[in-house]
Structures are given as structure tokens and as C-alpha cells.
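For reference, the structure is listed below as C-alpha cells.
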Protein chains: 2
Amino acid sequence: MPTISKEDYLKSIYTLNLQDDKAVSTSNLAAKLEISNAAISEMSKKLYDLGLISYEKYKGVELTKEGKRIALKILRRHRLWELFMIKVLNLNWDEVHDEAEKLEHHTSDFLIDKIDEYLGFPEFDPHGAPIPSKDGVLPEMPKLIPLNNCEIGRKYQVLRVVDSPSELISYLGRIGMNIHSNIEVVEKLSFDNSIIVMLDNVNHSLSEKVVDKIFVKEIEED
Amino acid sequence: MPTISKEDYLKSIYTLNLQDDKAVSTSNLAAKLEISNAAISEMSKKLYDLGLISYEKYKGVELTKEGKRIALKILRRHRLWELFMIKVLNLNWDEVHDEAEKLEHHTSDFLIDKIDEYLGFPEFDPHGAPIPSKDGVLPEMPKLIPLNNCEIGRKYQVLRVVDSPSELISYLGRIGMNIHSNIEVVEKLSFDNSIIVMLDNVNHSLSEKVVDKIFVKEIEED
DNA sequence: TTTGATTTTTAAGCATGCTTAAATATTATA
DNA sequence: TATAATATTTAAGCATGCTTAAAAATCAAA
Ligand SMILES: [Mn+2]
Ligand SMILES: [Mn+2]
Ligand SMILES: [Mn+2]
Ligand SMILES: [Mn+2]
């Protein structure tokens with residue numbers, strides 16, 4: 001098994017690659033992991049030698065099959081721990097990510113499977129992220145729409161909120177927005193890319209930074 | 001907060017110092033932590049500079065007040081995790097120590113206090129070890145007798161079993177010996193320091209290695 | 001109390017994973 | 001297409017925490 005650093009690299013490569021389906025650039029990775037580009041270059045060589053990523057100088061990196069397997073394994077641990085802390089230990093939405101970021105590297109397969117079993121083999125974590133199964137399989141996911149692609153006047157259900165930074169989802173919790181909340185897009189302000197949504201009959205203005213973290217699906221009106 | 005290695009050093013110094021109340025020698029620590037004497041000497045200097053131990057060359061080490069505070073904090077995390085895994089996740093007696101050895105270094109005060117609360121602020125872990133409180137206070141402990149100091153014909157209650165190596169307590173579990181089991185010392189064989197005890201009307205021969213890990217209190221006959 | 005065994009420390013070296021500064025490659029712009 | 005801006009890699013260095021081998025201190029036994 002790779003080190004803690006390597007696990008976090010693989011996880012970050014996986015999630016960045018999901019966002020736009022092409023090789024992940026050094027600087028993107030550096031920004032995400034908050035370390036220097038130089039460190040990324042060095043580590044990329046090591047992960048390449050371990051057969052966990054493909055890497056050509058100046059061309060960015062992509063996960064190999066084995067690299068992806070490990071990334072999903074760490075994501076599984078992360079998401080199961082988050083759900084467990086919320087469901088069992090009563091932590092809040094915004095209190096679990098940083099804990100999970102550490103625990104994910106120090107949990108045996110045996111233990112995480114016990115946690116999985118205790119929770120009844122859940123498919124989604126508290127922020128709507130899919131939980132890979134023991135075998136590394138992701139559950140069937142509904143097609144998600146970024147909130148900034150939504151149309152005025154339509155109604156949507158919140159299905160996914162990126163769980164970091166914690167202040168952000170703490171804020172969403174305070175205004176009453178959770179996974180499965182129903183919202184209506186009231187207005188889109190093009191000059192700052194903010195969006196006004198109605199939630200429980202109250203209007204809330206969400207800045208671009210916040211909007212970027214929210215994913216929804218359209219509600220079929222009937 | 002110290003690193004993982006430093007936390008384990010402090011914890012080991014604490015437990016070795018409990019056993020015989022004098023400065024802990026380099027080689028004792030090296031054996032316990034399974035690293036070289038040279039590494040112990042180096043780390044001792046660092047912990048001394050951090051004010052966590054007293055250290056004079058060739059004289060061994062002892063915890064300072066601050067060093068002891070940290071050692072107890074890590075022990076608290078270790079023991080609460082062990083109890084939690086057994087009580088909540090249904091792990092066995094012998095499956096929790098190695099997991100706890102890792103988790104103890106990656107659990108915030110906030111999270112461990114939630115676990116403590118969930119368990120109802122327990123005073124002893126599943127192996128009978130006392131759990132330091134949030135404030136670093138150990139619960140009142142009954143006076144424990146090492147099993148090898150016991151007398152033939154007398155009855156005792158098992159109050160403490162050292163939880164490592166796991167094969168050892170796994171064995172004790174299999175023969176039905178647990179914390180609070182009642183046993184009677186049937187025979188002490190001086191040629192190999194083994195002891196025969198009666199447990200649930202069955203005799204079991206315990207080797208010296210096993211005997212050394214068990215602590216009891218005398219049962220008042222009435 | 002001197003000698004020899006044992007314990008402990010020092011010295012040198014290595015792996016990991018960072019940093020900053022300099023060099024080099026890529027890309028965008030004119 | 002030459003040049004300037006940007007992105008990436010290389011180079012050198014540092015902290016941590018180990019290792020083995022050699023040196024030095026302590027302890028034990030005659
Ligand atoms: Mn998270
Ligand atoms: Mn992490
Ligand atoms: Mn333990
Ligand atoms: Mn540990």
C-alpha cells in the first residue's frame with residue numbers, strides 16, 4: 001500500500017479527472033493538494049514507477065487501473081467514515097470532512113467493512129457522494145446538473161454538495177439546505193455569477209463560489 | 001502536538017515506567033518499540049529539547065508533566081477506540097489493538113470526546129485498562145495482583161489482561177477467559193513458571209508468557 | 001580495581017516528502 | 001514565426017526518523 005501522501009495524490013487525481021475528463025495538470029494537482037509544482041513533478045515520477053499513473057513530462061497525469069482501484073478504496077473509506085460520524089456519533093455536516101481526511105489513511109479493510117456493514121451498505125455519503133463498494137464498484141448515479149447551468153423558474157432537488165471547505169457547507173446547513181432539499185432558481189445575476197434560489201419559501205443569494213459546489217437534478221413537475 | 005513517532009515514544013515510556021517505577025532504559029524502550037538503540041538515543045534528545053522527558057546520557061528517560069499529559073491523552077484515545085470497536089462495531093477482543101494503535105494518532109480531541117460521550121464516559125477499556133478522562137485523570141483502580149504472585153487454592157477475579165500480542169488474548173477468549181472471569185489457582189509449576197487455573201470448572205495450563213499478561217484481585221470468600 | 005562484557009551514544013548514510021530558485025519546455029501573442 | 005508569458009521540471013537543500021558500524025561509557029566479576 002502507498003504512503004499517506006501517495007493515497008492523497010491518487011484521490012486528488014481521481015476527483016480532478018472526473019471534473020473534466022482529461023489528463024490532470026501539475027498545477028491543478030498542486031493547487032488542490034496545496035503543495036509546490038516541484039513536489040508534484042517528483043511524486044509523479046514515483047507514482048509512475050509504481051505503475052499507479054501514466055505520466056509523460058509536460059503532459060499531465062492519469063490513473064492506471066491499479067491507481068484508480070486505490071483511489072476508489074480511499075474514497076470509500078473517506079465517505080463511509082463521514083457517514084458514520086454523522087449517523088452514529090451525531091457530528092454535523094461540516095465537522096466530518098477533516099476528520100475523514102485523516103482516518104481514511106489509517107483504517108484497515110477489515111474495519112471499514114465492519115463500518116460498512118453497521119451502516120447497512122449505504123450507497124451515498126452525507127454530501128451525496130457515491131460510496132464505492134468493497135469491490136470498488138460505484139452505485140448507479142442520477143445525472144447531475146451543476147447549479148450554475150440551471151434555468152430560472154425551474155425546480156430542482158439538491159443531490160450533491162462538495163464538502164470542503166467546511167465553512168461553506170456549514171453555511172448551507174444554517175440556511176436549511178441539505179441533500180434532497182428542493183429549491184427553485186429565482187434569478188441568475190450575470191455580473192457576478194451569483195444565483196438566487198428559493199428554499200422553504202425563503203430567497204437566498206448564493207455567490208459563485210457557493211454555486212460551484214452544488215449539483216442538482218430537475219424535479220419532474222406533475 | 002508531536003508526531004506519530006513521538007506520541008508512541010511517550011506512550012511507551014509511560015507504560016514501561018508504570019511497570020517498575022524508575023527511569024526507562026534505552027534498550028527497554030528499543031525493545032518495546034522494536035527500533036534500534038541508536039534511534040532511541042536520538043529521539044531522546046529531541047523529546048528532551050521539547051521539554052517532554054528528562055534525559056541524562058546513560059541514565060535513561062522519564063516523562064515530564066507535559067510528557068505525561070500527552071502520553072495519557074494518547075492512551076485515552078487508544079482505549080476509547082478499542083472499547084468503541086468492540087461495543088459498537090462488534091469486533092473481537094483480539095481485533096482492536098492494532099487498529100487502535102493507528103487511530104490513536106489521527107483522532108481530534110473533538111472526535112474522541114464524541115466517542116467518549118457515546119460510550120457513556122467509561123472508566124475501563126475492554127482489557128481492563130483505565131481510561132484517562134478528558135482532563136487526563138485516571139479512574140480509581142483496585143489494587144491488582146500479577147497472576148504469578150497468586151496462591152494455590154485461592155480464588156481470583158481477572159481484572160486486567162495486556163492486549164498484545166493479539167494471538168495471546170485471542171487464545172484467552174477461546175478458553176472463555178475474559179475481564180471479570182473468576183478463576184482458581186490449582187497448581188504452580190516452578191520448573192517452567194506455568195500455572196494451572198480452573199475456569200468454569202475446567203482446568204487450563206497457562207504458560208509463563210501468558211501468566212505475565214494477567215492481573216487479578218482476590219475474591220473475598222463468604 | 002582492573003579487565004571484559006554490556007549498554008549507550010555518536011557518526012555516517014538512506015528514504016520520504018517537502019521547500020525555493022534556476023533552467024527548460026510549452027503556449028499564446030504579436 | 002519570433003518573442004514573451006506561463007507552466008513544468010530539475011537542482012539543491014532541509015526535516016524527520018529510521019538503519020548499521022564504530023566509539024565510548026557503564027557495569028559486573030574476578
Ligand atoms: Mn469529505
Ligand atoms: Mn487524506
Ligand atoms: Mn491496546
Ligand atoms: Mn500508536
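Here is the naming used below: chain letters follow the sequence lines, and residue numbers restart at 1 for every chain. Just so you know, these numbers use all the heavy atoms, side chains as well, and skip hydrogens, waters and symmetry mates.
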Seminar exercise, completed: Exactly one candidate in A:Leu52, A:Ile35, A:Thr3, A:Val61 meets side-chain contact (heavy atoms from CB on, under 4.5 Å) with A:Tyr9; the answer is A:Ile35
For this session: Determine yes or no for a side-chain-to-main-chain donor-acceptor pair under 3.5 angstrom, with B:Lys68 supplying the side chain and B:Tyr14 the backbone.
Result: no
Exercise. Between the main-chain N or O of B:Asp94 and the side-chain N or O of B:Asn92, is there a donor-acceptor pair closer than 3.5 Å?
Worked result: no
For this session: Would you mind classifying the nucleic acid contact of A:Lys59 as base, sugar-phosphate or nothing, using non-hydrogen atoms under 4.0 angstrom?
Result: nothing
Exercise. When all nucleic acid strands are considered with a 4.0 Å heavy-atom cut-off, which category describes A:Ser41: base, sugar-phosphate, or nothing?
Worked result: base
Which nucleotide in [options] has an atom nearest any side-chain atom of [X]:
X       : options                : value
A:Tyr55 : C:dT9, D:dT8, D:dT9    : D:dT9
B:Ser5  : C:dT8, D:dC18, D:dA7   : D:dC18
B:Met43 : D:dT19, D:dA7, D:dG17  : D:dG17
B:Lys46 : D:dC18, D:dG17, C:dC18 : D:dG17
B:Ser36 : D:dT20, D:dT8, C:dA12  : D:dT20

Less than 3.5 Å apart, which donor and acceptor atoms pair up between the side chains of residues 21-33 of chain A and the rest of the protein, not counting sequence neighbours?
{"residue": "A:Ser25", "atom": "OG", "partner": "A:Asn28", "partner atom": "N", "Å": "3.2"}
{"residue": "A:Lys32", "atom": "NZ", "partner": "A:Thr15", "partner atom": "OG1", "Å": "3.3"}

Seminar exercise, completed: Heavy-atom closest pair (B:Tyr156 atom, B:Ile145 atom, distance to 0.1 Å) is CE2-CD1, 4.3 Å
Length of the line joining [X]:[atom1] and [N]:[atom2], which is rounded to integer Å:
X       : N      : atom1 : atom2 : answer
B:Leu10 : D:dG17 : CG    : P     : 11 Å
B:Asp8  : D:dT16 : CG    : P     : 17 Å
B:Leu29 : D:dG17 : CG    : P     : 15 Å
B:Lys45 : D:dC18 : NZ    : P     : 14 Å

For this session: Between B:Gly60 and A:Ile35, name the one whose nearest nucleotide on DNA chain C is closer to the 5' end.
Result: B:Gly60
Please write out each protein N/O paired with an N/O of nucleotides 23-25 of chain D under 3.5 Å, distance rounded to 0.1 Å.
{"residue": "D:dA25", "atom": "O4'", "partner": "B:Tyr58", "partner atom": "OH", "Å": "3.2"}

Problem set entry | B:Tyr48, OH atom: more than 12 neighbouring heavy atoms under 6.0 Å | no
Problem set entry | Side chain to side chain, B:Met141 and B:Phe124, heavy atoms closer than 4.5 Å | yes
